[in-house]
Amino acid sequence: TASLPALGSAQMPTGSVLQVKQAYKTDVFSTTASSDTDITGLSVSITPSSTSSKILVTSNISGFSHNGLGGGFCIQRDTTKIGLATAGDQRTRTSFSGGLYTGDASGTGQMHFNAVACYLDSPSSTSALTYKIVAQLNGNTLKVNQEEGDANTNDTNRGVSHITVMEIAG
């Protein structure tokens with residue numbers, strides 16, 4: 001039997017996971033911004049070992065958004081938005097499947113949604129890279145890891161959100 005090269009070696013088989021980094025957000029975040037807003041605690045840095053490496057980014061955002069305005073989330077590598085949907089006109093381009101929007105202007109106290117992303121990035125870099133989640137807002141209320149009402153009862157949920165990045169040998 002052949003043995004595998006040491007972890008992190010340039011000779012690792014293509015597709016091998018070389019390193020994993022994660023930011024796991026358990027606290028709440030709320031904003032009514034009307035512009036792109038970093039979600040505190042959902043940022044992670046990774047330094048690829050080779051320019052041929054790919055970075056697999058997965059993320060789940062839990063929470064609530066309303067006030068009759070949508071919005072969405074994107075994955076951002078340093079200052080570049082990545083994994084965006086194709087859209088035209090005034091549509092918000094996001095990196096996520098789904099969003100936290102209730103679909104009505106008034107909302108409801110016990111709604112809690114999830115937005116999910118999975119994107120394989122090819123940064124062609126061996127420099128430190130920062131991947132983060134950015135909320136693209138239109139002045140709506142955004143609450144991460146909580147419901148709209150967030151009442152202090154056992155009938156109310158709090159959630160968790162994360163961003164995970166994995167270096168994959170190219």
Side-chain angles (χ1 to χ4, degrees), residues 1-31 33-63 65 70-101 112-138 142-146 158-170:
T1 30
S3 61
L4 291 175
L7 185 64
S9 164
Q11 298 173 22
M12 289 295 289
T14 299
S16 297
V17 176
L18 302 180
Q19 58 177 316
V20 178
K21 303 283 181 91
Q22 182 180 65
Y24 195 77
K25 182 172 183 61
T26 60
D27 60 338
V28 297
F29 174 87
S30 181
T31 184
S34 45
S35 60
D36 288 1
T37 302
D38 295 353
I39 299 177
T40 308
L42 289 179
S43 174
V44 65
S45 293
I46 191 168
T47 304
S49 58
S50 168
T51 56
S52 64
S53 290
K54 306 224 183 288
I55 305 295
L56 179 63
V57 183
T58 64
S59 183
N60 182 78
I61 310 299
S62 175
S65 169
F73 300 100
C74 66
I75 302 167
Q76 192 167 299
R77 178 195 347 105
D78 294 331
T79 59
T80 304
K81 293 177 180 180
I82 60 174
L84 294 172
T86 302
D89 301 326
Q90 297 178 25
R91 295 175 185 93
T92 300
R93 297 174 63 207
T94 73
S95 307
F96 282 72
S97 309
L100 308 185
Y101 181 46
H112 204 172
F113 296 92
N114 287 287
V116 178
C118 185
Y119 181 71
L120 187 61
D121 189 29
S122 300
S124 299
S125 175
T126 55
S127 299
L129 303 170
T130 299
Y131 289 86
K132 63 183 176 179
I133 306 305
V134 175
Q136 301 171 120
L137 301 169
N138 302 313
L142 171 70
K143 295 185 176 188
V144 174
N145 292 345
Q146 62 184 353
R158 287 258 174 111
V160 295
S161 299
H162 75 84
I163 179 173
T164 303
V165 297
M166 295 179 237
E167 180 184 4
I168 309 296

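What you see is a predicted model, and the numbers here were worked out from it, not measured in a lab.
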Do [X] and [Y] have side chains that approach each other closer than 4.5 Å (heavy atoms only, starting at C-beta)?
X      : Y      : answer
Ser43  : Ile163 : no
Ile55  : Pro123 : yes
Ser59  : Leu42  : no
Asn145 : Arg158 : no
Cys74  : Thr94  : no
Phe29  : Thr37  : yes

Measuring from atom [atom1] of [X] to atom [atom2] of [Y], what distance do you get when rounded to the nearest 0.5 angstrom?
X      : Y      : atom1 : atom2 : answer
Tyr119 : Ile82  : OH    : CD1   : 5.5 Å
Asp36  : Phe73  : CG    : CZ    : 11.5 Å
Asn114 : Asn60  : CG    : CG    : 4.5 Å
Met166 : Leu18  : CE    : CG    : 12.0 Å
Thr26  : His162 : OG1   : NE2   : 13.5 Å
Asp121 : Glu167 : CG    : CD    : 12.0 Å

Would you name the heavy atoms of [X] and [Y] that are closest together and state the gap between them?
X      : Y      : answer
Ala169 : Pro13  : CB-O, 3.5 Å
Val160 : Ser62  : O-CB, 3.3 Å
Ser125 : Pro48  : O-CB, 3.2 Å
Ile75  : Ala117 : CD1-CB, 4.0 Å
Ala128 : Asp78  : O-OD2, 4.3 Å
Thr14  : Gly170 : OG1-O, 3.5 Å

Can any side-chain N or O of [X] pair as donor or acceptor with the backbone N or O of [Y] at less than 3.5 Å?
X      : Y     : value
Lys25  : Thr40 : yes
Thr164 : Gln22 : no
Gln19  : Thr47 : yes
Arg93  : Ala85 : yes

Partner set under side chain to side chain donor-acceptor pair (under 3.5 Å) for [X], not counting sequence neighbours:
X      : value
Thr31  : none
Ser45  : Thr130
Lys143 : none

Does the side chain to side chain contact (heavy atoms under 4.5 Å, CB included) test come out yes or no for Val17 and Met12, once each step is laid out? CA-CA 9 Å; Val17 176; Met12 289 295 289; over 6 Å; no
